[in-house]
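To start, the structure itself, in structure tokens.
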Amino acid sequence: MPVDTYQIVFRGRVVAGTDVAEVKANLARLFKIDPARVDQLFAGGRKVLKQGLDRKEADRYRAVLRQAGAMVSVVSAEARSAAVEEPAEEAPPKPAAPAAPGRRAVFQVDDPAASEEH
């Protein structure tokens, strides 16, 4: 039976209340890269920081990166579209569509039943 592998994906988000400069310094230290390379990580878009990990390793990386102030996703390499992402802390979700008068706004959220968290 093949073992599922995971990726650590970063999209430039930081833990609420942390200083971006401090997070950049932490990432430079963790990955042993220069500040210019760290700036590229924050340039926007999806960046795979590590791949080919088993679930336990991926969860360990996520914990270390969160402690450094970076918000990351653990994504199954087999099912890349099913990201397991920590909740956004720095901004509320955006409405999926404008609410009609007298109706409540609807927010897009991931289905917890479809999550890969165990």
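Quantities reported herein were computed from a predicted structural model and do not represent experimental measurements.
- L30 has its side chain within reach of L65: a pair of non-hydrogen atoms, C-beta onward, lies under 4.5 Å apart.
- With contacts defined as side-chain heavy-atom distances shorter than 4.5 Å, the pair L41/L49 qualifies.
- Put simply, the side chain of V48 does not reach to within 4.5 Å of the side chain of I8, judged on heavy atoms.
- The closest donor-acceptor contact from the side chain of E22 to the backbone of D19 lies at 3.5 Å or more, if one exists at all.
- The pair K56-D59 does not meet the salt-bridge criterion, since no charged nitrogen lies less than 4.0 angstrom from a carboxylate oxygen.
- Across all non-hydrogen atoms, the minimal contact from A70 to V23 is N-CG1, 4.1 Å.
- Proximity of F42 to L27: side-chain heavy atoms (C-beta onward) are separated by under 4.5 Å at one or more points.
- Here NZ of K32 is found 14.0 Å from CZ of R37. Values are rounded to the nearest 0.5 Å.
- Looking at K47, its side chain does come within 3.5 Å of a backbone N or O of G44 through a donor-acceptor pair.
- Of the N and O atoms on the side chains of R46 and Q7, at least one donor lies less than 3.5 Å from an acceptor on the other residue.
- Using a 4.5 Å heavy-atom cutoff, the side chains of Y61 and Y6 are not in contact.
- Between S73 and R11, the closest side-chain pair of non-hydrogen atoms falls below 4.5 Å.
- Contact annotation: the side chain of R66 never approaches that of V72 to less than 4.5 Å [non-hydrogen atoms, C-beta and beyond].
- Rounding to the nearest 0.5 angstrom, the gap separating the OG1 atom in T18 from the NZ atom in K24 is 12.0 Å.
- Residues L53 and T5 fail the side-chain proximity criterion, which asks for heavy atoms closer than 4.5 Å.
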